[in-house]
Number of protein chains: 2
Amino acid sequence: MSKDSYSSQDKMHLATDCIIFGFDNGILKLLIFKRSIAPYKGAFSLIGSFVKINESIDSAAERVLEEITGLKNVYMEELKTYNSVHRDPGARCVSVGQYALIKINDYDKDLVEKHNAMWYPFNELPDLVLDHNQMVKDALARLRRKTRYQPIGFELLPTKFTLPQLQSLYEAIFQKKIDSRNFRKKVLSFGVLIKLNEKDRSSSKKGAFLYKFDHEKYEELVTKGINFEVRSFINNYEPII
Amino acid sequence: MSKDSYSSQDKMHLATDCIIFGFDNGILKLLIFKRSIAPYKGAFSLIGSFVKINESIDSAAERVLEEITGLKNVYMEELKTYNSVHRDPGARCVSVGQYALIKINDYDKDLVEKHNAMWYPFNELPDLVLDHNQMVKDALARLRRKTRYQPIGFELLPTKFTLPQLQSLYEAIFQKKIDSRNFRKKVLSFGVLIKLNEKDRSSSKKGAFLYKFDHEKYEELVTKGINFEVRSFINNYEPII
DNA sequence: ATAATTAACGTAAATATTACGCTTATAAAT
DNA sequence: ATTTATAAGCGTAATATTTACGTTAATTAT
């Protein structure tokens with residue numbers, strides 16, 4: 001949800017709301033915005049839109065996402081529907097949550113600012129309208145689950161990234177410290193990382209080698225039925241409160 | 001989808017379709033029905049309904065499920081939305097797939113027959129209307145994924161079941177032979193099965209002990225963060241074609 | 001009795017995970 | 001120049017889990 005105004009009481013509305021994740025220097029963030037128009041003027045909300053009669057739900061989500069961040073071709077996936085009859089007091093409105101993973105340096109800062117949107121650390125989110133806080137929780141749960149068996153996290157990192165960066169992303173997602181030696185061993189063993197002849201020195205004197213994700217190799221292994229399950233993520237991570 | 005007739009071209013319809021799994025003596029089956037009214041009269045279809053303005057999507061699914069099988073309190077979960085603009089040539093209709101797992105001996109046979117519904121082995125499904133075959137594929141993929149880490153399969157077995165039965169269920173879901181000694185060891189190790197002092201002799205002279213699922217213990221372990229991941233299911237099972 | 005069949009139990013070998021210790025490269029401080 | 005501090009990178013032994021497969025048990029039919 002997060003739209004303009006309603007009219008008829010007897011019409012079924014279909015909307016989509018985007019749970020937009022970003023990863024900023026060790027911190028998992030969410031893009032939300034402060035509504036400048038009624039209803040819920042001044043309140044925080046996810047970014048969403050009604051679905052038009054001649055567009056698919058993902059098109060609608062892509063449309064708002066581009067409108068607000070300037071980004072196209074973003075990783076996005078359906079989360080679930082939010083459909084309780086009275087979730088939106090203004091009208092019967094079913095909303096399809098979609099979670100998106102974006103590379104946080106790529107978005108259009110002017111656009112975001114213009115729309116009153118801003119990045120909030122996941123742990124410091126304000127109250128959001130309607131059931132949007134629930135959507136956010138569900139999205140993190142899904143992100144965690146998906147991350148267990150699919151190297152989806154790469155969507156949140158720049159194209160070139162270091163192993164320590166990758167590790168800190170997983171630590172942010174699971175809210176859990178990981179042993180760096182075992183982490184390195186495990187992720188390299190999948191064989192989908194290409195080591196570059198370049199270092200990133202922004203966080204240490206020694207500098208860490210940059211890697212990129214080998215999409216081709218990944219697809220090849222997926223069709224072979226290889227699993228990317230990471231056992232150490234599975235156990236003992238912090239619950240989502 | 002799977003409804004009566006449409007009127008306006010400019011209205012967004014919301015429907016739900018149920019992918020109903022059953023497990024019958026080693027074979028995974030699906031409950032579908034032969035439409036006796038237009039549109040698609042005579043064609044096979046999933047069981048579905050429009051969602052009414054004053055009911056949630058799950059209520060709608062529960063409503064049709066009860067209408068056709070007589071069953072209440074069935075395990076059911078949202079799969080995903082099917083929302084491409086032209087998926088239904090009759091109108092703009094978004095359908096939410098819901099998959100349900102039922103104990104195949106419990107349903108009301110007269111009701112099912114009356115509605116032209118019937119159980120088909122998963123591997124021998126006929127062509128279904130619209131995108132229903134895709135829904136079925138997606139549902140199996142989801143069932144497999146979910147089964148990996150949650151003992152969801154019990155929903156498909158009678159309350160009392162034997163270990164060989166449980167194994168054959170997993171073999172049907174993953175289309176893969178499992179070593180019975182290792183299977184037994186693994187599932188018992190979770191500690192959520194209660195051995196009964198009763199045997200089922202329907203499939204062997206020796207007879208196999210009956211077990212029941214310990215829901216309480218299961219919930220307790222889940223809150224403790226125990227995982228029910230079964231590694232041997234993860235690898236090398238048959239792809240869904 | 002014996003054979004045939006499914007169920008149940010056990011154990012060794014192969015793999016994978018976990019818990020650490022140690023070295024390396026470099027910039028900043030002395 | 002040398003030392004120091006720090007993150008990065010590599011390796012290995014201990015532990016746990018999975019896999020492969022041999023054996024025994026209960027029962028009915030012959």
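We name chains A, B, ... by the order of the sequence lines, and we start the count at 1 in each one.
Taking atom CG on B/Asp200 and atom P on C/dA7, their separation rounds to 9 Å, with Å as the unit. Distance B/Asn182 CG to C/dA7 P: 16 Å, rounded to the nearest Å. Atom NZ of B/Lys176 and atom P of D/dT18 are 12 Å apart (whole Å). Rounded to whole Å, the distance from CZ on A/Phe190 to C1' on C/dA16 is 12 Å. The distance from atom CZ of A/Phe183 to atom C1' of C/dT17 is 15 Å, rounded to the nearest whole Å. Between the P atom of C/dT18 and the NZ atom of A/Lys177 lies a distance of 17 Å, rounded to the nearest Å. In this structure, A/Leu210 atom CG and D/dA8 atom P are separated by 12 Å, rounded to whole Å. As a whole-Å value, the separation of B/Leu188 CG from D/dT18 C1' is 16 Å.
Of the charged side-chain nitrogens involved, none lies within less than 4.0 Å of a carboxylate oxygen, so that A/Glu171 and A/Lys176 do not count as a salt-bridged pair. Salt bridge present: B/Glu198 and B/Lys160 bring a charged side-chain N and a carboxylate O closer than 4.0 Å.
Side-chain contact check for A/Glu78 and B/Thr81: at least one donor-acceptor pair (N or O, by modelled atom type) lies under 3.5 Å. At a cut-off of 3.5 Å, with distance as the only test, no side-chain donor of A/Gln134 or A/Tyr82 sits close to an acceptor on the other residue.
B/Lys186 has a side-chain polar atom (N or O) that falls below the 4.0 Å cut-off from OP1 or OP2 of D/dT18. Contact annotation: B/Arg184 reaches the phosphate of C/dC9 (side-chain N/O to OP1 or OP2, under 4.0 Å). Note on A/Arg201: every side-chain N or O is 4.0 Å or more away from OP1 and OP2 of C/dA27.
Nearer the 5' end of DNA chain C, as judged by each residue's closest nucleotide, is the contact made by A/Lys185, out of A/Lys205 and A/Lys185. Nearest-nucleotide positions on DNA chain C for B/Ser204 and B/Tyr211 put B/Ser204 closer to the 5' end. For A/Ala208 and B/Asp179, each mapped to the nucleotide of DNA chain D holding its nearest heavy atom, the one lying further toward the 5' end belongs to A/Ala208.
Between B/Phe154 and B/Phe161, the ring planes lie tilted relative to each other; the angle falls in the 30° to 60° range.
In this structure, of D/dA20, D/dA26, C/dT18, it is D/dA26 that holds the atom nearest to the side chain of B/Lys199. Considering only side-chain atoms of A/Phe209, the nucleotide from D/dG9, C/dA19, C/dT6 that sits closest is D/dG9. Across C/dC9, D/dG11, C/dA7, the shortest atom-to-atom separation from the side chain of B/Pro164 is found for C/dA7.
Residue-to-nucleotide contacts include no donor-acceptor pair under 3.5 Å from the side chain of B/Lys206 to the base of D/dT24.
Using a 4.0 Å heavy-atom distance criterion, B/Arg181 is classed as a base contact. As judged by a 4.0 angstrom heavy-atom cut-off over every strand, A/Ser203 is placed among residues touching the sugar-phosphate backbone only.
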